[in-house]
Amino acid sequence: METEYGLFVGGKWTTPAHAGRFQTTNPATRETVASFVSATADEVARATSEAAKAFSAWRDTPAPKRGEILLNAASIMKRRKAELGRIVTREMGKVIAEGLGDVQESIDFIEYMAGEGRRLFGETVPSELRSKFCLTVRQPKGVVACITPWNFPTAIPNWKIAAALITGNTIVFKPASNTAQCAAEVVKVYEEAGVPPGVLNLVTGSGAVVGHALVSDPRVRTVSFTGGVEAGRDVYVRGAAGLKMVHLELGGKNPVILMEDADLKLALDGVLFGAFGTAGQRCTATSRLIVHEKVYDAFLGMLTERLGSFTVGDPLDPATGMGPVASADQERKILDYIALGRKEAKLRLGGEKLTGGAYDRGYFLAPTIFETPHGTRISKEEIFGPVLSVLKVRDYDEAVRVANDIDYGLSSSIYTRDVNRAFRAIHDLEAGITYVNAPTIGAEVQLPFGGVKNTGNGGREAGSAAIEEFSEIKTVFVDFSSRLQKAQIDAESVA
Ligand code: NAP
């Protein structure tokens, strides 16, 4: 029998009487994984009320105490890592090593944020006046909404939840509908860890109902959203009406530049992992390979040969290189792009749905490579699947021009042995992240994460930036002169 989950509101798992439900599906087998409540706008409002009620006590809980609860959550996650990794793989389809990696990233970030409970640094700044002390302190924002995608179904929720909790906020969490079991199990971890009732609430249901209600609720002061550009724009506009802080982490079309002096074997491993890891469904996936003409034929030969022995199949089998794509919708969208690519570019490898045997039960696609001139849609739009566009360039300047001529700016990479050129690329590439001699994927939680252009609206997640995202800065002036001192007017001159 399938597992049934309720909503988690005010510290209780509840199933409302009306309880329309939806199911999640294993993309490797199309079997139902679990079932969830399709919440209404009223249930969102109830969750927001509970979060608002819980705020005052949580904000007054000393930050190191909040950190202890996060450490509990990290150790519960460690204890449950194997089980949670399998849940990720069953519900989302990434191979088991990556399912476990998703959970490990959650653990790493929760531990990192727990340490912030003893930092949450402000600044002390000199005053222009005597006997006056100036400093800043961090305060929580209040009720925050966390809306997350399915591709990192435990890690991205934890990036938001752990950072929001340590800074003293209360949360209404709306996960991607595709991976609601991963989300519910994450919430259970925090429940067991001792997060008080109302501090973290889970409301499942569609973006159109739950997402809209949440973003429009006047009690929600900050919305932290990760997903696609279209939904992100909608969230931004709705949030703007309430003058909310809306933090957006959106798509990417990330280039690897391969120069003629690169270590080609190293680059081969990197490009394979970057392009086909998670079946290309990472926001930082390597979706464009920009290759110097002198090594173009050789490298493409190496790439296609290696992909000949690449295994696509059961994501729970540790020997599998790539699992299915995450859903029927994903498969349809990617196949549409492949059909377009066949018209506007040259198909070099793959380009089809895999069929026969176990493939017929799931959403399995062949790793696909197109050779394309710059400017085609497949080389400029986010496909979010195992499809790599390869572009030939004459020199470094052309490579950077091509790399930058897109609407996104999340991750980027250059393979070169020339240290000067590596530093030029760090300067020249229009992206939030640049890797040197490594692929476009591989974020570490203690560093800020995010991008420029349509990848977001200027914020960053993770690292120290996570604290910025979820806290307000209060500026404090303490005048201990016992008289009225006027800034700018009473300031002493040195002349
Ligand atoms: P999505 O369709 O934009 O959905 C993301 C989340 O928003 C889901 O929870 C979704 O709910 C909800 N939602 C959809 N429309 C909404 C609306 N109008 N108002 C409020 N909420 C709404 O994205 P996805 O397909 O899950 O994820 C893939 C995208 O995420 C890609 O573009 C990828 O690049 C991006 N991404 C970016 C980052 C980053 O850090 N930059 C990281 C990972 C992924 P439902 O599931 O119920 O539709």
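As the structure lists them, so they are numbered: ligands from 1, and atoms in each ligand from 1.
A donor-acceptor contact closer than 3.5 angstrom links the side chains of Ser224 and Glu469. Side chains of Thr154 and Ser106: a donor on one and an acceptor on the other come within 3.5 Å. Side-chain polar atoms of Arg90 and Thr29 form no donor-acceptor pair below 3.5 angstrom.
When the side chain to side chain donor-acceptor pair (under 3.5 Å) test is applied to Glu50, the partners found at least two apart in sequence or on another chain are Lys53. Every residue two or more places apart in sequence or in another chain that forms a side chain to side chain donor-acceptor pair (under 3.5 Å) with Arg377 is listed here: Glu381.
Within the structure, the salt bridge (charged side-chain N to carboxylate O under 4.0 Å, His left out) test picks out the following pairs touching residues 96-110 (sequence neighbours left out): Lys94-Asp102.
For ligand 1, the protein residues within 4.0 angstrom (heavy atoms only) are Ile147, Thr148, Pro149, Trp150, Asn151, Ile156, Lys174, Pro175, Ala176, Ser177, Gly205, Ser206, Gly207, Gly211, His212, Phe225, Thr226, Gly227, Gly228, Ala231, Asp234, Val235, Glu249, Leu250, Gly251, Cys283, Glu382, Phe384, Leu410, Phe449.
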